[in-house]
Amino acid sequence: MRMSLIYTWSRSVGNFEGAVKSDIGQADAGVTQDFDFPALMDGSDGYQPNDRRHVFKFFGSYDVTEDLTVGFNSTLSSGRPLSAFGQGYPSHDPKVYGSYGDTFYFYTNECPDANGNGTCEQSEKIYQFSPRGTRGRTPWTFNLDLSANYNFIFSDIDMRATLNVYNVLNGQAETSRNEHYENNRAEGSFNSYYGAAYTWQSPRYVELGFEARF
């Protein structure tokens, strides 16, 4: 019987996730909105979407016979940080905010008429600042995989049959959520899908394989 337990504590902090921007769904490498305008980076410094603070891994195998080996692999991970992206910014200077992109500000729909002219001017709007990763985290996820390997000989050829069962407990914890607090390019318009789950753990599935070694 062989078993191992690994615990990893880590922090992923900064203002730039990398080639992709997974919290708003930009998956095309190298073409994210980051650094397009100064406003888009205001509030971006924080825990990155790939920050999983605690990860436990417990795995092992057992030789039932000389030819049959069974094993397991389990992972328990803490959730990823969440943000609330808005569609506006306190300044409409085109050199600061070019009227597109997800910001870390959202409009409260409050606009006190400070100068008494009867109109809502940009300088009078009240925005809420919501820095990256300050809106909680997704749930912890647990995954358990089982495997079996059987070695045998067929027509003088060394063969191996493998059976893998992934996510044995069929866990369905959510792994990402909609983080757009306001509707696309609609400042002050609440996105009713904000906080809804985007992705979940892969459901249970089975993999059967055969290997021939000459």
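These numbers were taken from a predicted model, which means no experiment stands behind them. Heavy atoms only: backbone and side chains are in, while hydrogens, waters and symmetry mates are out.
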Any donor and acceptor pair, going by atom type alone, linking the side chain of [X] with main-chain N or O of [Y] inside 3.5 Å?
X      : Y      : value
Asp113 : Asn117 : yes
Thr65  : Asp67  : yes
Glu182 : Gln87  : yes
Gln26  : Val20  : no
Asn167 : Asn170 : yes
Arg204 : Val168 : yes
Gln172 : Trp200 : no
Ser83  : Gly133 : yes
Glu179 : Ala84  : no
Thr69  : Asp63  : no

Just jot down the ring pair (Phe, Tyr, Trp, His ring centres under 6.0 Å) partners of Phe106, sequence neighbours excluded, or say none.
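Listed in chain order: Tyr181.
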
Listed by chain and number, what are the ring pair (Phe, Tyr, Trp, His ring centres under 6.0 Å) partners of Tyr62, not counting sequence neighbours?
none

Pairs of donor and acceptor atoms involving the side chains of residues 206-214, under 3.5 Å and at least two apart or interchain, shall be tabulated with distances.
unit_1, atom_1, unit_2, atom_2, d
Glu207, OE1, Asn164, ND2, 3.2
Glu207, OE1, Tyr166, OH, 3.1
Arg213, NH2, Asn151, OD1, 3.2

Measure the [atom1]-[atom2] distance between [X] and [Y] for me, rounded to the nearest 0.5 Å.
X      : Y      : atom1 : atom2 : result
Thr162 : Tyr150 : OG1   : OH    : 14.0 Å
Thr75  : Phe58  : OG1   : CZ    : 12.0 Å
Ser202 : Asn143 : OG    : CG    : 8.0 Å
Met41  : Phe104 : CE    : CZ    : 7.5 Å
Phe142 : Ser74  : CZ    : OG    : 5.0 Å
Glu187 : Asn109 : CD    : CG    : 8.0 Å

Could you check if a side-chain atom of [X] sits within less than 4.5 angstrom of a side-chain atom of [Y], using non-hydrogen atoms only?
X      : Y      : answer
His180 : Asp102 : yes
Gln48  : Arg132 : yes
Phe85  : Thr103 : no
Tyr89  : Phe37  : no
Asn178 : Asn191 : yes
Ile126 : Pro112 : yes

Please determine whether side chain to side chain donor-acceptor pair (under 3.5 Å) holds for the pair Ser78 and Arg53, giving the CA-CA distance in whole Å, both sets of side-chain angles, and the decisive distance to 0.1 Å.
CA-CA 6 Å; Ser78 58; Arg53 195 61 46 84; over 6 Å; no

For Tyr97 and Asp42, which I'm curious about, is there any donor-acceptor pair between the side chains at under 3.5 Å?
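No, Asp42 and Tyr97 have no side-chain donor paired with an acceptor closer than 3.5 Å.
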
All N/O donor-acceptor pairs, side-chain side in residues 3-16, below 3.5 Å, sequence neighbours left out:
unit_1, atom_1, unit_2, atom_2, d
Tyr7, OH, His54, ND1, 2.7
Ser10, OG, Arg52, O, 3.3
Ser12, OG, Asn50, OD1, 2.8

If Ile, Leu, Val, Met, Phe, Trp and Tyr residues are connected whenever their side-chain heavy atoms lie under 4.5 Å apart, and connections chain through other members, are [X] and [Y] in the same group?
X      : Y      : value
Phe152 : Val70  : yes
Leu68  : Met159 : yes
Phe72  : Leu76  : yes
Met1   : Phe59  : no
Leu169 : Leu146 : yes

Are any of the side-chain nitrogens in Glu110 or Lys125 under 4.0 Å away from the carboxylate oxygens of its partner?
no

Pair Asp34 + Lys21: basic N to acidic O under 4.0 Å:
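Yes.
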
Please report the shortest heavy-atom distance between [X] and [Y], naming the atom on each side.
X      : Y      : value
Thr134 : Ser130 : OG1-OG, 3.9 Å
Ala173 : Thr141 : CB-CG2, 3.8 Å
Ser22  : Arg80  : OG-NH2, 3.4 Å
Pro49  : Glu17  : CG-OE1, 3.5 Å

Could you check Ile24 against Gln33 for side-chain contact (heavy atoms from CB on, under 4.5 Å), going step by step and ending with a plain yes or no?
CA-CA 10 Å; Ile24 63 170; Gln33 67 170 28; 3.9 Å; yes

Would you indicate whether Phe190, at its atom CZ, is surrounded by more than 12 heavy atoms from other residues, nucleotides or ligands within a distance under 6.0 Å?
yes

Can you list every pair that meets salt bridge (charged side-chain N to carboxylate O under 4.0 Å, His left out) and has a residue in residues 133-154, with sequence neighbours left out?
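Only Asp51-Arg137 qualify under salt bridge (charged side-chain N to carboxylate O under 4.0 Å, His left out).
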
Pairs touching residues 118-138 that satisfy ring pair (Phe, Tyr, Trp, His ring centres under 6.0 Å), sequence neighbours left out
Tyr105-Phe129, Tyr107-Tyr127

